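Step one of this worksheet: look at the structure below.
One-based numbering, in listed order, for ligands and for the atoms of each. Because the structure is predicted, anything quoted here is derived from the model rather than measured. Worth knowing before you read on, the calculation uses all heavy atoms, side chains too, and leaves out hydrogens, waters and symmetry mates.
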Amino acid sequence: MKKNYLLTPGPTPLPTCVTEALARPIIHHRTPQFRAILQQAEDGLKYVFNTKNDIFIFSSSGTGAMEAAVANLLSPGEVVLTIEGGKFGQRWTEICQAYNVRCDVIEVEWGRAVDPKEIERRIRTNPEIKAIFTTLCETSTGVVNDIEAIGRIVKDSQAILVVDAISSLCSLPLLTDTWSCDMVVAGSQKGLMLPPGLGFISVSPKAWNLINKSKNPRYYFDLGVAKKALDKTDTPFTPAISLIIALNEALNMIRQEGLENIFLRCKKMAEATRQAARALGLELLASSSDASDAVTAIRLPEGIDGQALVKTMRDIYGVAIAGGQGVLKGRIIRIAHMGYIGEFDIIIAITCLEKVLCQLGYKFQLGAGVKAAQKILQ
Ligand SMILES: *Cc1c(COP(=O)(O)O)cnc(C)c1O
């Protein structure tokens with residue numbers, strides 16, 4: 001018997017109320033019944049985004065909502081600022097380039113957060129910059145960026161602040177309105193405890209001004225069309241009905257626990273994971289001031305093959321964690337502590353990590369990681 005555990009930074013495990021909702025008979029979407037469901041989802045999303053702005057729901061993964069931001073805000077040839085401190089920061093550059101939007105790129109060492117002062121310098125020296133594309137939690141490195149500080153800088157500038165909060169929503173504090181985030185992008189399969197398939201995007205009045213001038217091509221992801229429908233509590237195309245019904249179940253669970261309690265739980269699990277890694281003699285990729293409470297990236301010692309480690313944990317013992325991406329492939333592992341991942345899941349992941357590290361010949365005191373994690377969780 002192999003029991004499976006999922007501790008990847010998306011997808012994350014599903015609570016029973018979500019899987020039960022997904023199994024219900026389908027209903028039609030142009031009905032008062034579905035409109036009530038959509039309204040409830042809209043209200044719940046506003047709670048978790050901390051915003052009064054409209055939030056649009058697309059049937060796509062998170063990247064679809066990222067593309068929607070670029071397609072709706074800009075015109076070919078315009079200039080934006082992107083920040084490359086990991087794979088998802090790079091994705092902003094790639095999407096912009098696909099739309100012939102020119103990118104001024106801030107290169108950040110993978111494992112570090114961007115310095116908000118550098119953003120200030122760039123937008124001051126280049127008044128052509130129309131938008132700044134940022135990542136709250138850079139999932140590929142386990143780093144959290146200071147969006148609050150960036151928001152203070154961008155707020156009174158000509159530019160729009162766009163935030164990828166795909167792995168942060170419901171795992172880390174996100175104050176869309178207070179931090180002056182003009183567009184926030186999220187997805188369903190991380191902190192929201194749903195399967196992949198929904199992309200979300202919030203839009204501020206400042207962002208609408210730019211959208212109205214944008215000439216980028218768009219059809220499915222046209223926010224103007226989506227807004228006309230949303231004003232009638234409707235969607236332009238067939239929505240992912242079952243996922244939206246399940247979303248309301250997840251949002252109910254989130255309201256019951258309370259966002260603040262969820263953040264504290266993630267923080268505690270993150271600290272337990274970090275202390276366990278240190279106790280095993282392993283280094284963390286993110287410096288301690290930049291470490292995200294949604295996912296922890298751990299460096300592997302010389303001679304330990306990260307891909308083999310992840311594969312053995314998953315295929316032999318059923319414990320799925322993530323490896324490194326891009327330049328970090330094979331060199332790090334990533335353990336998620338978000339969504340429906342609980343403290344005993346973390347204990348299981350560390351136990352399994354110890355077991356496989358031991359088999360791969362790494363020398364340490366068996367149980368040291370679990371003991372360190374237990375101390376934090378006590
Ligand atoms: C997971 C993730 C994405 C990609 O989302 P998909 O749903 O796979 O398209 C983008 N950005 C961040 C920060 C993520 O964690």
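- Ion pair Lys52/Asp177 not flagged as a salt bridge, since none of the NZ, NE, NH1 or NH2 atoms sits closer than 4.0 Å to an Asp/Glu carboxylate oxygen.
- Test Asn53, Thr51, Asp182 against Ser204 for side chain to side chain donor-acceptor pair (under 3.5 Å) and you get one pass: Asp182.
- Taking the ring centroids of Phe56 and Phe58, they lie at or beyond the 6.0 Å cut-off.
- Ion pairing of Glu257 with Arg265 is present here, as a side-chain N (NZ or NE/NH1/NH2) and a carboxylate O approach within less than 4.0 Å.
- Contact residues of ligand 1 (protein heavy atom closer than 4.0 angstrom to a ligand atom; sorted by chain and number): Ser61, Gly62, Thr63, Met66, Phe88, Arg91, Thr135, Cys137, Thr139, Asp164, Ile166, Ser167, Gln189, Lys190.
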#### Entry: Step-by-step side-chain contact (heavy atoms from CB on, under 4.5 Å) determination, Leu284 to Ile298
CA-CA 5 Å; Leu284 301 170; Ile298 302 169; 4.0 Å; yes
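- Ring geometry, Phe200 versus Phe49: the interplanar angle exceeds 60°, so the pair is classed perpendicular (tilted spans 30 to 60°).
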